[in-house]
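Structure, as structure tokens:
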Amino acid sequence: MSDCIFCKIVAGQLPSSKVYEDDELLVFHDIHPFARVHLLIIPKVHIVSLAECTPEHERLLGRIMLLAPRLAREHGLDSGFKTLVNTGRGGGQEVFHLHVHVFGGGDPAARV
Ligand code: 5GP
Ligand code: ZN
């Protein structure tokens, strides 16, 4: 998707502060963090949102979810962390390339 900023980050056409990469996934710091640690886990393949996922994405989604606690631990979020997936305009999604927010180190009672 030529106009997708996260695809551009995957392609190296836009900078990001990467914290993890493998053949299927990329993780980088959110540019506007709302906690001390705020990571975005994305698939390298362009998927618009969780609503566009199909059974063929089951393994990919599982890999994303299993990566979240590992990276949270590696970033010092020992007492816990939050995950968030905004889906569609009504769900507050602003970047239409599937991503899972992983964040913590702020107010644990905050809703986001
Ligand atoms: P959404 O509301 O779609 O779930 O959140 C998109 C997130 O992407 C926001 O938290 C926003 O700060 C982050 N973001 C948007 N553009 C960029 C960018 O170019 N680089 C990085 N690292 N994060 C971005
Ligand atoms: Zn994309």
Side-chain angles (χ1 to χ4, degrees):
M1 291 289 278
S2 57
D3 59 347
C4 170
I5 55 172
F6 285 0
C7 280
K8 286 184 177 164
I9 286 174
V10 169
Q13 293 163 1
L14 278 179
S16 71
S17 48
K18 285 182 202 173
V19 302
Y20 175 88
E21 181 170 15
D22 63 32
D23 55 333
E24 294 182 312
L25 305 177
L26 183 66
V27 186
F28 48 88
H29 291 277
D30 194 294
I31 205 165
H32 295 126
F34 40 76
R36 179 174 58 77
V37 176
H38 186 170
L39 306 175
L40 299 174
I41 305 179
I42 71 167
K44 287 187 170 177
V45 65
H46 183 83
I47 302 169
V48 172
S49 81
L50 199 55
E52 277 71 26
C53 286
T54 63
E56 78 184 62
H57 298 116
E58 194 172 320
R59 197 186 59 84
L60 188 67
L61 291 170
R63 289 202 62 224
I64 290 173
M65 296 314 283
L66 288 173
L67 190 55
R70 173 181 151 188
L71 292 178
R73 227 173 6 250
E74 287 176 7
H75 285 78
L77 300 177
D78 300 319
S79 69
F81 61 93
K82 294 178 189 288
T83 49
L84 172 71
V85 185
N86 294 324
T87 303
R89 287 193 197 286
Q93 187 175 3
E94 291 178 357
V95 177
F96 288 86
H97 179 129
L98 177 67
H99 53 281
V100 174
H101 298 255
V102 177
F103 55 100
D107 175 5
R111 299 303 295 169
V112 291

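We're numbering straight along the sequence, starting at 1. Side-chain atoms are counted along with the backbone in the values below, which use heavy atoms only and exclude waters and symmetry mates. Every number for a ligand or one of its atoms is a count from 1 in the order of the listing. The structure displayed is predicted, hence computed values, not measured ones.
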Backbone N/O of [Y] and side chain of [X]: donor-acceptor pair under 3.5 Å:
X: E94; Y: N86; value: no
X: H97; Y: P43; value: yes
X: K82; Y: H101; value: no

Which residue owns the protein heavy atom closest to [atom], what's the atom, and how far is it?
atom: atom 1 (P) of ligand 1; value: H99 NE2, 3.2 Å
atom: atom 10 (O) of ligand 1; value: D30 OD2, 2.5 Å
atom: atom 14 (N) of ligand 1; value: I31 CG2, 3.9 Å
atom: atom 3 (O) of ligand 1; value: E94 N, 2.7 Å
atom: atom 2 (O) of ligand 1; value: G92 O, 2.9 Å

Distance, nearest 0.5 Å, that separates CG of L71 from CG of L77: 10.0 Å

Separation between OG1 of T83 and CD1 of I41, rounded to the nearest 0.5 Å: 9.0 Å

H32 neighbourhood, listing ligand 1 atoms whose heavy-atom distance to it stays under 4.0 Å: 12 (O)

Element-labelled atoms of ligand 1 that are located less than 4.0 Å from some non-hydrogen atom of N86: 1 (P), 2 (O), 4 (O)

Could you see which bit of [X] sits under 4.0 Å from ligand 1, with heavy atoms only: side chain, backbone, both or neither?
X: F6; result: side chain
X: V85; result: neither
X: F28; result: side chain
X: H29; result: backbone
X: I5; result: side chain

Flag [X] as yes when one of its N or O atoms lies below 3.5 Å from any N or O atom of ligand 1, and as no otherwise.
X: V95; answer: yes
X: H101; answer: yes
X: S16; answer: no
X: Q93; answer: no

Of all N/O/S atoms in H97, the name of the one nearest the Zn ion (ligand 2): ND1

Atom of H46 closest to the Zn ion (ligand 2), considering N, O or S atoms: ND1

Where the Zn ion (ligand 2) is the vertex, angle from C4 SG to C7 SG to 10°: 120°

To check you understand the geometry: which heavy-atom pair defines the closest contact between [X] and [Y], and what is its length?
X: V27; Y: L67; answer: CG2-CD2, 3.8 Å
X: A72; Y: F81; answer: CB-CD2, 3.4 Å
X: A51; Y: T87; answer: N-CG2, 3.7 Å
X: D23; Y: K44; answer: O-CD, 3.5 Å

F28: ring pair (Phe, Tyr, Trp, His ring centres under 6.0 Å) partners, not counting sequence neighbours: F6

Residue pairs, two or more places apart or on separate chains, that pass salt bridge (Lys or Arg N to Asp or Glu O under 4.0 Å) and touch residues 31-43: none

CD/E58: more than 12 non-hydrogen atoms of other groups inside 6.0 Å: no

